[in-house]
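Data first, discussion second: the structure below is written as structure tokens.
Predicted model, so just to flag it, every value in this text is computed and none were measured.
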Number of protein chains: 2
Amino acid sequence: MGTFTERLARRTRTGPDLLGGILALANAHGVINFSGGFPEPSLFPTDVLGDIARRLIDEDPQVALQYAPSEGIASTREAIAGRIEATDGHRPHDRELLVTSGGIDAVTLIAKSMLDAGDLVLVEEPSYLGAVSGFTAFDPVLKGVPIDDEGLDIDALKRVIAQHKTPKLLYTIPDFQNPSGLSMANDRRQALVDLCREHGILIVEDVAYSQLGFDDIARPSLWSLGPDVVVQIGTFSKIFFPGVRLGWAAGPAEVIAPMGVAKQNSDQCAGALGQRMLEEYLRAGLLERDLPHARELYRSRAARITKALEEHANGLATWTVPGGGFFTWLRVPGVDTVALARETDVAFVPGAGFFAERQDTEHLRLSYSRISEDDIDTGIARLAAAIRAH
Amino acid sequence: MGTFTERLARRTRTGPDLLGGILALANAHGVINFSGGFPEPSLFPTDVLGDIARRLIDEDPQVALQYAPSEGIASTREAIAGRIEATDGHRPHDRELLVTSGGIDAVTLIAKSMLDAGDLVLVEEPSYLGAVSGFTAFDPVLKGVPIDDEGLDIDALKRVIAQHKTPKLLYTIPDFQNPSGLSMANDRRQALVDLCREHGILIVEDVAYSQLGFDDIARPSLWSLGPDVVVQIGTFSKIFFPGVRLGWAAGPAEVIAPMGVAKQNSDQCAGALGQRMLEEYLRAGLLERDLPHARELYRSRAARITKALEEHANGLATWTVPGGGFFTWLRVPGVDTVALARETDVAFVPGAGFFAERQDTEHLRLSYSRISEDDIDTGIARLAAAIRAH
């Protein structure tokens, strides 16, 4: 304990770094690692990135190597707006779009712009608390709203709203949710937008995995249904690569503007080199070239993990069947999954960290995104054995 | 005014975006722009960056394009530690060093880790409020401590400490300060470290411009004098390039550890591609190759702006003579510099924004770092004419 340990902020002193401890275990030798939301590196477009980087460094250093405007480079924002128009059927205006340093940065900027201490923030239960922690740094009160197989439970949300002072924000991942892999039913999307509009609640829609669906079902984004009441946040880490920190926020101008000011006070801007690399990649149509292959690879791994679970874990656990994205979510009745994580050479994230309010010990999240299909088989067999032994 | 304007956080509603407005004016056609702290782009090492980027993309994509650990890539941290050892004569241990997404990110991470609402933070008066705003997002009470030609006034600091409950943090830029261009005298450095150690105040030392001195005078870093009581924050934006967001924090392990956790909740990590590019650049000894040329270019521009001020502004204003860095700081008695900024086709930053407490209207900051020497002459002549006309 050093001199300053007792002088840390309350938010720092109260939160044990459970996740950090688990992730440290994940990198031990011989461990099969189902823990992080890492994209598969063989999908990184290395065939074109070297040329793109060299060209920008040679021909555009005054932009690509310099500070960028806080809201993002104008031409990059235009390319991202075009991409959003293609996926969402609706194009953000210039003042409705901000380039961020990834998805969690976007959460942080919303929180810094919107939250006073004690404000109420609603989150899905379970949800991705890595993102939710972007809110908690600004000392809100978190309230969980349950999800079921069709996503956020709208009736439960109505009860929460009736019982509490009006929430300021609601955070949701409508497509291939982290950690559950499940999606919000289309009829609930419109109902959610209508309800939040009625109560003046800003919806924060995280579309991290939306482009990585395994089927052709149309899932309208919440932002496309209610651009007046939704801030959509997205990341390019899952569909481009994470080694440049890049994402976006699209939403009402009166929210995007203070987020841009908040960005000046955070990291000033997203890195210009990454912005210009992304822009060149998008403008050349390369994301459209590469996405089908990524979907197919993750679809195949998802199918393999489902098959392996059926083979090895029947009767030991239940699990979700993801329609896209990186995750499946297990319930292991009667097993303390934090203890389980310490007892096996398979790494995963215990479920406790995904619940804002509820105490839970028997869930866990498996990511299949960066594991070969053979290792998926081996890992699930090991996990099942560990559950049996527990 | 949209629906959510009245639901913004208090910190958002109270701060008018004065700086944004001024910076917008700076890019108007025909304006000579002394406003931002931009490095000169001809100094960006484009002769080597294209090769470095291509090699990393081809040979190291699993590291250079993937998520990085929150504390930074191990090999990059080692290279940065080596660099700090070379400049400061003291090497941070592994747990004393964090890679950040630039300097203001480091400020934000310290604030998130250390500050509860209402905590007292001391800042130099004037100081770089762009960085100070990283603290203000976490709702501290700011108190100014005056500086003079030898930097922070230690006696004034003693009086402030005696009058108030113990401050938690003190933010200082000891070398070629932003905005004043002045440096802290060496005898004051040891006195400051001793005083803060005695009172348990954490010093946040910003060394943004420390490598860009115009002379050979040794200026020991505060961190080298008191690694137990100082967090040193630095940026590679001024000596490498800003288009990848990269900086560092070196300090007591008990402060660096929660900063790493806070980084998971901010942007997760600094971009891996930029980290690896910097590492290759440092390991090849290229920073040592390039720094002398950078110092000489900025020294020459500083001399030119001083000469131009002597020629055009004698009797109208007084100014500092910078010993390094990017800035000179003018006092224009009786002139409202915010009004002046709107009346002239020379862009600068009015001084009001650099004072945390004191009301000031008659200072302004000029940056000479990205302006040709001819434009410096023309710009200062225009500025003097505008002051005369005012």
Side-chain angles (χ1 to χ4, degrees), chain A residues 1-5 7-10 12 17 20 38 41 44 46 49-50 53-54 57-58 61-62 64-67 101-102 104-105 108 112-117 130 133-134 137 168 200 202 228-229 237 241-245 252-255 258 261-262 264-268 271-274, chain B residues 1-5 7-10 12 17 20 38 41 44 46 49-50 53-54 57-58 61-62 64-67 101-102 104-105 108 112-117 130 133-134 137 168 200 202 228-229 237 241-245 252-255 258 261-262 264-268 271-274:
Chain A
M1 290 257 293
T3 319
F4 294 103
T5 304
R7 308 210 76 204
L8 296 172
R10 275 187 295 273
T12 308
D17 182 20
F38 293 93
F44 299 156
T46 51
L49 289 176
R54 174 180 286 287
I57 289 165
D58 288 348
Q62 303 220 4
L65 304 184
Q66 189 54 278
Y67 287 104
S101 305
I104 296 185
D105 181 46
T108 298
K112 204 187 261 191
S113 301
M114 297 288 299
L115 292 183
D116 292 313
S133 64
K168 214 168 210 180
L202 184 69
D228 57 320
V229 69
S237 295
F241 66 95
V244 291
R245 311 298 305 126
E254 75 266 22
V255 178
V261 176
Q264 291 170 22
N265 311 341
S266 300
D267 62 359
Q268 301 192 279
L273 180 59
Chain B
M1 291 258 292
T3 318
F4 294 103
T5 304
R7 309 210 76 204
L8 296 172
R10 275 187 295 273
T12 309
D17 183 19
F38 294 94
F44 300 157
T46 51
L49 288 176
R54 174 181 287 286
I57 289 164
D58 289 348
Q62 301 218 6
L65 304 184
Q66 189 56 277
Y67 288 104
S101 305
I104 295 184
D105 180 46
T108 298
K112 203 187 261 190
S113 301
M114 296 289 299
L115 291 182
D116 293 313
S133 64
K168 214 168 211 181
L202 184 69
D228 58 319
V229 69
S237 294
F241 65 95
V244 291
R245 311 297 305 127
E254 74 266 22
V255 177
V261 176
Q264 290 170 21
N265 312 343
S266 299
D267 62 358
Q268 303 193 279
L273 181 59

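Only the side chain of A:F44 comes within less than 4.5 Å of a heavy atom in chain B; its backbone stays farther off. For B:L8, the parts lying under 4.5 angstrom from a heavy atom of chain A are both the backbone and the side chain. Heavy atoms of B:T108 lying under 4.5 Å from chain A belong exclusively to its side chain. Residue A:L115 touches chain B through its backbone alone, counting heavy-atom pairs closer than 4.5 Å. Only the side chain of B:A53 comes within less than 4.5 Å of a heavy atom in chain A; its backbone stays farther off.
A:R245 contributes no side-chain N or O that, together with a main-chain N or O of A:D105, makes up a donor-acceptor pair within less than 3.5 Å. Remark: the backbone N or O of B:M114 is paired with a side-chain donor or acceptor of B:K168 at under 3.5 angstrom.
Note that CZ of A:F241 and CD1 of B:I57 are 6.5 Å apart. Values are rounded to the nearest 0.5 Å. Taken from CZ in B:R7 to CD in A:E254, the straight-line distance is 12.0 Å, to the nearest 0.5 Å.
Side-chain contact check for A:L49 versus B:L65: some heavy-atom pair is nearer than 4.5 Å. Side-chain contact between A:Q264 and B:S133 is absent, with no heavy atoms from C-beta onward closer than 4.5 Å.
When B:P242, B:A117, B:G102, B:A272 are compared by the number of non-hydrogen pairs under 4.5 Å with chain A, B:P242 comes out ahead. Put simply, of A:G274, A:A253, A:S237, A:A262, the one with the most heavy-atom pairs under 4.5 Å next to chain B is A:S237. Contact count against chain B (heavy-atom pairs under 4.5 Å) is highest for A:S113 among A:P41, A:P61, A:S101, A:S113.
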